[in-house]
Amino acid sequence: MLAARFLILYGSQRGQAQSIAEEICQQAAEHGFTADINCLSNQHKYNLDSEIRPVVFVISTTGDGDPPDTAQKFVRKIKNKSLPHNHFSHLHYALLALGDTNYANFCNGGKTIDSRLQQLGAKHFYATGHADDGTGLEVVVDPWIEGLWDALKKTFSSMATSDQQDTDLSDCTQDDFHKNASGQEKYKSDLEVDLHLLKLSETDSQKGKAITSDSIDVETLSTVLVASLKQSVPLLSESALNVPALPASYLEVRLEQVSTEGETVPSDKDGYHEVSISKAVQLTQDDAVKTAISLELDISEQNLAYQPGDAFDILCPNRASEVEELLLRLDLQTQKNCAVQVNLLKNKHLPKLQPRAYSAASSSLQHPGKVHFVFNVVEFPARPEHPARTGLCTGWLADHVSSILRPLGTVLASERLGTSAPPKVHVRPRPSGTFHLPADPSVPVVMVGPGTGVAPFIGFLQQREKEREANQEATFGETWLFFGCRHKDKDFLFREELERFAHNGTLSHLIVCFSRDEPDAAGTVNRPTYVQHNLSLHAKNVASILLKDKGSLYVCGDAKNMAKDVNDTLLEIIGNELQIDKLDAMKTVAGLREEKRYLQDIWS
């Protein structure tokens with residue numbers, strides 16, 4: 001019989017697919033399997049061309065429906081057109097795809113790999129799962145993993161060869177394990193007797209009868225299920241015993257005798273760099289609905305390269321108050337400067353603390369050795385189950401830079417920081433595969449970025465401003481920016497810089513709207529409230545740029561509302577301009593996505 005060993009391969013961008021793959025690997029032993037696990041990028045550690053074991057893929061999606069960076073090389077390899085149609089005919093696999101329905105091309109990273117494996121002759125041994133981060137990955141992930149084990153058992157069973165030993169075992173009966181000749185003493189297993197010694201009836205208990213060997217019902221003993229290779233004795237928790245069952249362990253705590261005093265981030269810093277925060281500016285007025293903060297990171301010593309449109313992952317620690325509460329519950333207050341490893345047992349989705357990604361709001365041409373990013377401090381109102389609190393990373397960052405935070409309009413100079421050491425953070429570049437300015441500067445671009453969604457476009461415009469200065473004879477395409485916020489005087493982010501871009505020609509058209517401001521004295525009727533309304537007002541220009549001039553459309557910001565509304569508006573614009581129905585308009589928009597001329601950097 002083949003050994004019950006299978007292979008897990010994952011492609012992960014932010015760690016979620018890796019965490020799920022590791023969870024499957026850990027659970028495998030509980031179900032009688034042994035799993036080997038590898039990242040798809042480690043192609044020297046596995047070989048699907050000759051793999052006969054079942055393979056489980058866990059694949060995330062990033063960018064505009066792209067496979068994660070760690071899977072890109074693998075995808076290029078299997079997309080080789082010279083591969084024969086039966087290249088993977090020996091391969092049996094299952095695939096769990098991760099995505100978010102708030103984004104276009106849901107689970108497309110996993111779907112791309114799944115489709116290509118099928119084209120090359122690979123066979124499913126279990127239905128593909130599509131997990132939605134928009135509603136909660138666990139809704140699909142948990143039942144998918146639960147069903148995986150039966151699918152693997154069936155697969156191994158069908159792959160197994162029938163040898164004589166297997167035949168003998170499958171023909172064994174209970175009689176093979178007991179003597180039944182006349183005059184011989186019938187053998188009773190220790191387990192069989194122990195179960196009956198424990199099996200008290202309510203009547204005997206109430207009468208206070210002592211349990212002795214004489215009180216055992218021999219006829220009942222003869223009907224007991226005997227443990228064999230064919231049949232197992234029922235679990236004690238399922239038997240008719242009057243003995244309370246001990247709850248299963250669900251938490252494992254291991255104390256590592258390694259001092260971690262002063263540590264404020266997870267110990268796994270692979271790929272991260274500790275950098276100083278050189279500036280922090282509040283971009284909104286104090287009475288704004290949300291507080292937006294811009295940070296400048298000094299990356300000169302690390303020599304980290306990036307392009308406008310790229311992002312940076314930020315590591316943040318858990319809240320100190322919550323860590324203290326956990327240590328108190330575990331009675332480990334005196335060990336807080338040691339590493340404490342906490343694991344949930346028995347199939348309990350305890351993930352690693354994930355980094356938060358923030359789009360670069362700068363260009364290295366204008367700010368060499370520096371990178372800027374902007375964020376809103378997320379705030380949760382008080383509820384019966386918890387007090388008012390802030391988002392984990394945004395709240396931590398706001399507290400972390402409080403000593404150097406300056407109000408909007410304050411002149412910032414490094415010397416104002418005094419002699420105290422600047423706050424530091426651990427960051428990791430997260431390059432974008434497609435969300436960049438067109439390689440040809442003459443291509444016109446339309447940018448839609450309300451609120452903090454304007455961040456990458458500040459980088460775009462800084463880049464374009466420097467390119468125009470260096471190449472004054474070159475032809476540059478039009479640049480349109482649709483920006484929106486609540487109040488013109490409270491949260492118009494980067495107002496001075498955007499108006500400067502518009503004044504010097506870097507930005508051809510700055511189209512703004514303010515959703516909560518009162519109408520002006522003129523009493524403007526039907527004034528635009530949101531960015532999609534302004535898109536409709538400039539429908540002919542937008543359609544001309546995309547359909548005639550082969551320009552590009554970039555959208556950044558909220559996925560659940562703004563991005564969906566912008567997409568619906570785009571369908572209307574194209575449908576009206578081309579005089580086509582909604583289905584054909586959807587096909588045209590899909591074509592823009594395929595050509596990488598309709599790009600999104602959105603979040604839920």
Please name the pair of heavy atoms, one in V371 and one in A360, separated by the smallest distance, quoted to 0.1 Å.
-> CG2-CB, 3.9 Å
Given side chains that start at C-beta, do those of T452 and F375 come closer than 4.5 Å, heavy atoms only?
-> no
Any side-chain heavy atom of Q13 within less than 4.5 Å of one from D69?
-> yes
For ring-ring contact (aromatic ring centres under 6.0 Å, His included), just list the numbers for F460 and Y554, CA-CA rounded to whole Å, side-chain angles, deciding distance to a tenth of an Å, and then say yes or no.
-> CA-CA 11 Å; F460 279 17; Y554 300 85; 5.2 Å; yes
S362 side chain vs H372 backbone, donor-acceptor pair below 3.5 Å = yes
Where does the angle between the aromatic ring planes of F457 and F435 fall among parallel (under 30°), tilted (30 to 60°) and perpendicular (over 60°)?
-> tilted
Could you tell me whether the side chain of L40 reaches within less than 4.5 Å of the side chain of I59, counting heavy atoms only?
-> yes
Of all residues at least two apart in sequence or in a different chain, which pass the side chain to side chain contact (heavy atoms under 4.5 Å, CB included) check with P67?
-> A71, Q72, V75
F106 and H130 aromatic ring geometry - parallel, tilted or perpendicular at 30°/60° bounds = tilted
Tested for side chain to side chain contact (heavy atoms under 4.5 Å, CB included) against V55, the lone hit among L117, L9, L95 is L9
Short N-O contact, K424 and E274, less than 4.0 angstrom | no
Quick one: does Y598's side chain get under 4.5 Å of N567's, heavy atoms only?
-> yes
Would you say the side chain of L392 lies within less than 4.5 Å of the side chain of N318, judging by non-hydrogen atoms?
-> yes
Side chain to side chain contact (heavy atoms under 4.5 Å, CB included) with Q18: which residues, sequence neighbours excluded?
-> Y10, S12, E22, K352
Using a strict 4.0 Å threshold on nitrogen-to-oxygen distance, state whether R464 and E467 make a salt bridge.
-> yes
Partner residues of D310 under the side chain to side chain contact (heavy atoms under 4.5 Å, CB included) criterion, sequence neighbours left out | Y306, Q307, P431, S432, H436
